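Below, read A as the first sequence line, B as the second, and so on, with proteins coming before strands; counting in each chain starts at 1. Hydrogens, waters and symmetry mates are skipped; everything else that's a heavy atom, side chains included, is used. If you're wondering where the values come from, they're calculated on a predicted model, not measured in any experiment.
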Amino acid sequence: MAARGRFYVTTPIYYVNDRPHIGHLYTTTLADVLARHHRHLGEDTFFLTGTDEHAVKVVESAAGRGLTPDEWAARNAAEFQRAFARFGISNDDFIRTSESRHVERVARYVGALLESGDVYAGDYEGWYDPGQEEYVPEGRAREWEYRSPISGRPLVRRREQNYFFRLSAWGDPLLELLEARPDFVLPEARRNEVMGRIREGLLDVPISRCHEEGEPRWGIPMPGDPSHVIYVWIDALFNYLSAVDTDERRGFWPPSVHLIAKDILWFHAVIWPAMLLALRRCPGFDWVELPERVYAHSFWISEGQKMSKSLGNFVDLERLEAYADRFGLDALRFFLVTQGPLGTHDADFAEARFVHVYASELANTLGNCAHRVAHMTGRYLGGQVAAPDPSCPAAGGLEAAAGRAVDEALAAMERLAPDRACAAALDLVRAVNAAIEETRPFALARDPERRGEVGTILYRCAEALRIAALLLAPAMPERMAELLRRFGAAEIGERIRAGAHGELREWCRWGRLAPGTALETGPPLFPRHDAA
RNA sequence: GGCGGUGUAGCUCAGUCGGUUAGAGCGGCGGCUUCAUAAGCCGUAGGUCGUUGGUUCGAGUCCAACCACCGCUACCA
């Protein structure tokens, strides 16, 4: 996939009634880091996020505020866009499901599936919570003893006419797919979950809702039957396709990875690919291949506690902005990326942990190392890096260490492990610190005879740091752009800051740092906060 | 109930196809160093790798059972 030089990453489109919180920002930041990395590699990159707007409750929320659904959705979608801009997200598009470009295309997709018989009219019967106006899954209904947990009133048996997607037909093809492509659903534990559930058997899924007389029109009408609207989930999934279903963008398809949280795995790993398999057989849609990967991360908890509405302990935008203000946006991004719930377990967003990681990884290890190297260069070499002496062994191991770090970081990014990529870069920085201790350039500098050695050592340290900065740049574009500027790579830094395309492998070539380049110290990249 | 996952040093976690003395970061302790954001480096931690029993020449790494915690079990982005 990388060989094709194309990368298409998506986040879920976010429920427009929600206030943005750490969950939204986390997934979106991960996508951003991947997108920036692939742009740095020079790949044709497309990064999509957006809002899901056709839920019934959007109508209610809007009405409660005396607004039309359109107005309410637009206001909240703008909120998400502002938030993402504030946190350095470099998405290439922001799709809203109420936009005509989406509505029209979804009608076409579902129309094609109706035509082919993959979608058919039938009856749905199940337990219904009249207060919540939603069906309750069988298992949960039993667990609740057939009463609404909200109102306490009994659930009722209800039947309605619906359009169904013939999911039951796709169990075997999906299993074959999951067998043949072990990384289709990641992490592996999630793939196991999905396969286990598919083996239990698949039922057809209703994909429409009755449109009640007199209600405001909200949602995408079922093609050929305006008495139904397409169920919001189905509508939403198609955003990944509709956003790039244009002559200019079709080449981005299929998605390289759908980043999601674990709660919406079933839709992305089963229903969505099944619908695409079905659609693909329809005339004119043979180009619609399946996404390459679906990656489901876990949740953040807050100070050791599950985030919940009742506890009111969501890590919300205000709180996140407070961290960004105090420690810098990049520090927040670094924390999210390296300490987040990428795996199967939830991760804790705790103040103490944040302060700790910031101090040890960013201030002490990275910031201090950059400063000491620049400072010694200023003090002993007049501020300019010297030409290294190839015959001088001092700190010679750094070149190989840098090479390993680059290989590791690139491989980690390829397997969707940006945390490991950052770790590889930090290891390289630690190697620089160790090399300084070992070779002691500050001691050698006292002897004028050994100036050449000092120059060689500091050149190698600076070069390793420059490369570490490049590897950390997707996570911390602003601070690493500044570090690169100080280390004589201002142009690259500017491109990184702007989220532009580049040529990472060339940038990471050892020896690119030109002898004679002036290094700058400047104020701390990551100031300590013990005083604050 | 069914399916799946996790249980490794005080904390957060790595441990590829089973193979010499079980690893990292952080913390703690001891030492070294002074170029640096009181930063850095080195050495330490005597960890029954949840328990029990198997397979094997050999298991943290495979199998079984059990214990603890967690996730999923179809319409809550």
Sequence neighbours excluded, the answer for salt bridge (Lys or Arg N to Asp or Glu O under 4.0 Å) partners of R450(A) is E453(A)

Looking at R528(A), does any N or O in its side chain come under 4.0 Å of the phosphate oxygens OP1/OP2 on A39(B)? yes

B/S/- along nucleotides 61-68 of chain B (protein heavy atoms under 4.0 Å) is --------

**Prompt:** In whole Å, what separates the P atom of A22(B) from that of G46(B)?
**Reply:** 15 Å

The ring-ring contact (aromatic ring centres under 6.0 Å, His included) partner of W272(A) among F238(A), F267(A), W266(A) is F238(A)

Across all chains, not counting sequence neighbours, the side chain to side chain donor-acceptor pair (under 3.5 Å) partners of T97(A) are none

Which atom pairs, donor and acceptor, lie under 3.5 Å between side-chain atoms of residues 373-382 of chain A and protein residues at least two apart or in another chain?
residue	atom	partner	partner atom	Å
T377(A)	OG1	V373(A)	O	2.8

Read 5' to 3' with Watson-Crick or G-U pairs under 3.5 Å, [ ] for crossing pairs and | for partners on another strand, RNA chain B gives (((((((..((((.....[...)))).(((((.......))))).....(((((..]....))))))))))))....

Taking atom P in both A24(B) and G15(B), compute the distance separating them and give it to the nearest angstrom.
-> 15 Å

Sequence neighbours excluded, the answer for side chain to side chain donor-acceptor pair (under 3.5 Å) partners of T365(A) is none

Sorted by chain and number, sequence neighbours left out, side chain to side chain contact (heavy atoms under 4.5 Å, CB included) with D18(A) holds for Y15(A), H24(A), F80(A)

Looking at every strand, decide which applies to L444(A) at a 4.0 Å heavy-atom threshold: base, sugar-phosphate, or nothing.
nothing

Checking G40(B), A77(B), C35(B) against the side chain of N368(A) (C-beta onward), the nearest is G40(B)

Residue set satisfying side chain to side chain donor-acceptor pair (under 3.5 Å) with E408(A), at least two apart, ordered chain then number -> none

Sequence neighbours excluded, the answer for side chain to side chain donor-acceptor pair (under 3.5 Å) partners of D93(A) is R101(A), R249(A)

- [ ] Report the relative orientation of the aromatic rings in F84(A) and Y14(A); use parallel for angles under 30°, tilted for 30 to 60°, perpendicular for over 60°.
- [x] perpendicular

Item to check | Backbone N/O of A394(A) and side chain of R460(A): donor-acceptor pair under 3.5 Å | outcome: yes

Roughly how many Å apart are G7(B) and G60(B), using the C1' atom of each and rounding to a whole number? 12 Å

Tabulate atom names and distances for all N/O pairs under 3.5 angstrom spanning the protein and nucleotides 2-13 of chain B.
residue	atom	partner	partner atom	Å
G5(B)	OP1	N192(A)	ND2	3.4
U6(B)	O2'	H345(A)	NE2	3.3

Note: for I436(A) and D18(A) on RNA chain B, the residue whose nearest nucleotide lies more 5' is I436(A)

Discussion item. For a quick check, tell me whether the side chain of N364(A) and the base of A39(B) share a donor-acceptor pair closer than 3.5 Å.
Written reply: no

Expressed in whole Å, how much space separates the P atoms belonging to G27(B) and U12(B)? 15 Å

*Taking the same atom, C1', in A65(B) and in U55(B), what whole-Å distance lies between them?*
15 Å

Contact string for nucleotides 24-31 of chain B, one letter per nucleotide 5' to 3', B = base within protein heavy-atom range under 4.0 Å, S = sugar-phosphate only, - = neither, reads -SSS----

Between U34(B) and G18(B), how far apart are the two C1' atoms, rounded to whole Å?
48 Å

Result for ring-ring contact (aromatic ring centres under 6.0 Å, His included) between F335(A) and one of Y26(A), Y358(A), F349(A), F526(A) points to F349(A)

_Could you tell me how far C26(B) sits from A45(B) if I compare only their C1' atoms? Round to whole Å._
14 Å

Does C72(B) have its OP1 or OP2 closer than 4.0 Å to a side-chain nitrogen or oxygen of W266(A)? no

Salt bridge (Lys or Arg N to Asp or Glu O under 4.0 Å) filter on E160(A), not counting sequence neighbours, yields R158(A)

query = Distance between the P atoms of C32(B) and G58(B), in whole angstroms?
reply = 48 Å

